[in-house]
Amino acid sequence: MSESQVWEAVDAYFTAHLAPDDEVTAAALRDSEAAGLPGINVTANQGKLLQLLAEIQGARTILEIGTLGGYSTIWMARALPSDGRLISLEYDPRHAEVAVRNIARAGLDKVVEVRVGAALESLPRLADENPPPFDLVFIDADKGNNPHYLEWALRLTSTGSLIVVDNVVRGGRVVDATSADGDIRGSRGAIELIGSHPRLSGTAIQTVGTKGYDGFALARVLA
C-alpha cells in the first residue's frame, strides 16, 4: 500500500472501533454530498475528538465558526446538556439550510442555532448580546481570517475555555514564511498569536488520515 492508503486504512480501523457513524451522522454526510457541499467536513474520529473535548470541558456553551453541513456541529452538540447552547456561524445560506435540516434530524435543534452571514459581521453582533462565556470554540472557516476569529474567540471566552483551530498545517506549507497564500498566512497568524498572546497556552498537532496531511491547534484561555 502507498503511504496515503496506509493512513486511510488506519483511519478506517480507528473509526470502526472508536467513532463509527450512526444513522444520523451518516445521513448528514449523505445529504451534504447530495446538496453539492464540498467534502471538507471533519472526519468521524475528528468529530469524536471534538465531542470528547466538549465533554472533558463539561461544556455548556459552544461556538462554532464554519458550519458547512452541520456534521461537526452534531458531534459537539451531543456533548451538551439539555439546556446547553451551541451557536454556529455559516457564511453560505445554502450550506446553512442543509445544516439546519441535518441538526433537526439529529434532534438537536433545541440546543443549536445556526446564524447565516459573514462571521466577522456576526461575531460583533453576538458580542453585543453579552452571552455567557463560551466553554469551547471551534474555528473551521476561511483560513485567511483565522487570526481575527481567534481574537474574537478570546473576547467571547473566559479562563479555562478551549479554542480549537482546524486545518493549520496546510499540507506542510505552513512553514513557508514567504507565502502569499491567504490560507497559509492566516494559519501562520493564528499559530503565532497563540504563541505570543499572554492569555493563551497552546500547541499544534500534525495529523494524517483520509483527509490527507493536515493538523489542528489547541489553546486554553488563561486568566
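In this text the structure is predicted, and so the values were computed from the model without any measurement.
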Report whether V100 and I62 are members of the same hydrophobic cluster (ILVMFWY, side-chain heavy atoms less than 4.5 Å apart, transitive linking).
-> yes
Flag if over 12 foreign heavy atoms under 6.0 Å of OH, Y91 = no
Could R188 and D176 be called an ion pair, given the rule that one side-chain N must be under 4.0 Å from one carboxylate O?
-> no
Ignoring hydrogens and angles, tell me if any N or O in the side chain of E90 forms a donor-acceptor pair with the backbone of L68 under 3.5 Å.
-> yes
Just wondering, more than 12 heavy atoms not from E33 lying within 6.0 Å of its CD?
-> no
Got a sec: does the CD of E23 have more than 12 other heavy atoms crowding it under 6.0 Å?
-> no
Expected output: side-chain K48 to main-chain L18 donor-acceptor under 3.5 Å | yes
Look only at the side chain of D109 and the backbone of I103, and say whether a donor-acceptor pair between them is shorter than 3.5 Å.
-> no
Quick one: do R125 and R115 satisfy side-chain contact (heavy atoms from CB on, under 4.5 Å)? Show the steps, please.
-> CA-CA 11 Å; R125 290 195 290 267; R115 300 189 179 187; 5.6 Å; no
Do L154 and E151 have side chains that get closer than 4.5 Å, going by heavy atoms?
-> no
If we only count heavy atoms from C-beta on, is the R78 to T25 side-chain gap below 4.5 Å?
-> yes
Can you see which heavy atom on V98 is nearest to which on S32, and at what distance?
-> CG1-OG, 3.9 Å
Got W152 and L120 here, is their nearest side-chain heavy-atom distance under 4.5 Å?
-> yes
Where the side chain of N102 meets the backbone of G69, is there a donor-acceptor pair that is under 3.5 Å apart?
-> yes
Check whether any side-chain heavy atom of L29 lies under 4.5 Å from a side-chain heavy atom of N41, and answer yes or no.
-> yes
S82 versus V111, closest heavy-atom pair with distance = O-CG1, 3.5 Å
Side chains of I87 and F134: closer than 4.5 Å at any heavy-atom pair?
-> yes
Heavy-atom closest pair, residues A35 and R94 = O-NH1, 2.8 Å
Around atom CZ of R185, are there more than 12 heavy atoms of other residues, nucleotides or ligands at under 6.0 Å?
-> no
Carboxylate-amine/guanidinium contact D31 R101, below 4.0 Å | no
Can V42 be reached from I65 by stepping across I, L, V, M, F, W or Y side chains whose heavy atoms are under 4.5 Å apart?
-> no
Expected output: side-chain D142 to main-chain G144 donor-acceptor under 3.5 Å | no
Decide yes or no for R155 and P124: does some side-chain heavy atom of the first lie under 4.5 Å from some side-chain heavy atom of the second?
-> no
Is a side-chain donor-acceptor pair under 3.5 Å present for D135 with T61?
-> yes
Within-4.5 Å side-chain heavy-atom neighbours: L136 and L63 | no
Is a salt bridge present between K211 and D166, judged by a nitrogen-to-oxygen distance below 4.0 Å?
-> no
Could you check L49 against N45 for side-chain contact (heavy atoms from CB on, under 4.5 Å), going step by step and ending with a plain yes or no?
-> CA-CA 6 Å; L49 173 62; N45 52 6; over 6 Å; no
Do the non-hydrogen side-chain atoms of R85 and L80 ever get within less than 4.5 Å of each other?
-> no
Which heavy atom of A217 sits nearest a heavy atom of I191, and at what distance?
-> CB-CD1, 3.9 Å
